[in-house]
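This report refers to the structure that appears directly beneath it.
Everything quoted here is computed from the prediction, not taken from an experiment. One-based numbering, in listed order, for ligands and for the atoms of each. We're numbering straight along the sequence, starting at 1.
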Amino acid sequence: MPGQGFTVKPSSGALGAELLGIDLSHPLDDQTIADIKAMFQEYGVIFFRDQVLTPEQHIGFAERMGTININRFFKAVEGFPKIAEVRKEPDQTTNIGGGWHTDHSYDQIPALGSILLAREVPEHGGDTLFSSMSLAYDALSQGLKKTLEGLRAVHSSRHVFGASSEYTKGVSGRIGNPELANQDAIHPVIIRHPDTQRKILYVNQGFTTHFDGWTKQESQPLLDYLYEHASHPEFQTRFQWKPGSIALWDNRSTWHYALNDYQGQRRLMHRITLEGVPIS
Ligand code: SIN
C-alpha cells in the first residue's frame, strides 16, 4: 500500500523500505502518520533521506510516532535529554551497537523501536545491518518451532551496561550510570508482534543470557544455533548512511548491527527511542 504523498522503495527482499518524498521537518497530517506507521509494520524498518531536522523537529516527529523513552545509559545530546548520542570519535576503537542485538529486550516492556538520525558519517563504512526475526522464525523447522514455543529466555542489561562490562570501558564517556544496569526480564522465545500478530524469534546475542530454567552452559548451544540461523543474509538489509538519513526500526521484529569498519573517523548519530507495549 503506497503511503499518501510518498512512494515506497523496498530495500531488500527481506525487510526495510525507503519512504521517498516526505519532509519530516514539517508537521505531518494524521493520514500521513498512519501511512508511515503502516509501512513501519509491513517492512520492520523504514528509511528516510535528506532530512534537515533540528533536535526539536526530531523530537516532534518521534512524538507523532509514539511516546519517547529516555535512555538510562547513553549520554544525551546537550540540552535534549530525550535524544541519546550514538557517537564514535576517531580515537575510539569500539563502537556502540557493534554486534547483533535488539535494544531494550532486558526491559519488562521492551521499547517499540528507535528513530536514528545521522548527523555526521564517515566517508565510507559505518553502515547498519538489519535482520528480520519474523523471517528467521518462518524458516525454522516445525519441530524446532514447537520446541521453542515452550521456552522462555532471560534477558539482562547487567553484562552490557553494568560496572564490570568491557563494552562500556571501550566506549568510555558515551555510556554511563552502570548502577542502573539492574534489569532482567523473562520473555517467551517466540512472541507475536503486538500489531501484526506475526510470530517472531525473540532472542538476541546482545542481551539474552540463557533459557529460563536452563543453565547458561545448557542454553548456549541452542542459542548459538539460533543466532547463526537468524543472521543469514537472506533475512537482512543493509543501510548506508548519509547526513540527514533516518532509520526507524522495530525492536520486536528486527535485530540490528552497527558496522565498525571506519577506524579513525567520526560517526555521530542522534537516537530517540519509543516506548513499547507488553509482549507475549
Ligand atoms: C544502535 O545500536 O542503536 C546504534 C545503531 C547504529 O549506530 O547504527
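In summary, R271 and D103 engage in a salt bridge, as defined by a charged side-chain N under 4.0 Å from a carboxylate O. By the 4.0 Å N-to-carboxylate-O rule, R64 lies close enough to D30 to be salt-bridged with it.
Using the six-membered ring where Trp is involved, W241 and F239 have ring planes that are perpendicular, over 60° apart on the 30 and 60° scheme. Ring pair W249/H256 is tilted by interplanar angle, where 30° to 60° counts as tilted. In this pair, W255 and W100 present their aromatic rings tilted. The plane angle is within the 30 to 60° band.
Considering H210, H104, H187, H101 in turn, H187 is the only one that fulfils the ring pair (Phe, Tyr, Trp, His ring centres under 6.0 Å) rule with H155.
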Pairs of nitrogen or oxygen atoms, one from ligand 1 and one from the protein, closer than 3.5 Å: please tabulate them with distances.
| unit_1 | atom_1 | unit_2 | atom_2 | d |
| --- | --- | --- | --- | --- |
| ligand 1 | 2 (O) | H101 | NE2 | 3.0 |
| ligand 1 | 2 (O) | H256 | NE2 | 3.0 |
| ligand 1 | 3 (O) | R271 | NH1 | 2.7 |
| ligand 1 | 7 (O) | R267 | NH1 | 2.8 |
| ligand 1 | 7 (O) | R267 | NH2 | 3.4 |
| ligand 1 | 8 (O) | T128 | OG1 | 2.6 |
| ligand 1 | 8 (O) | R267 | NH2 | 2.9 |

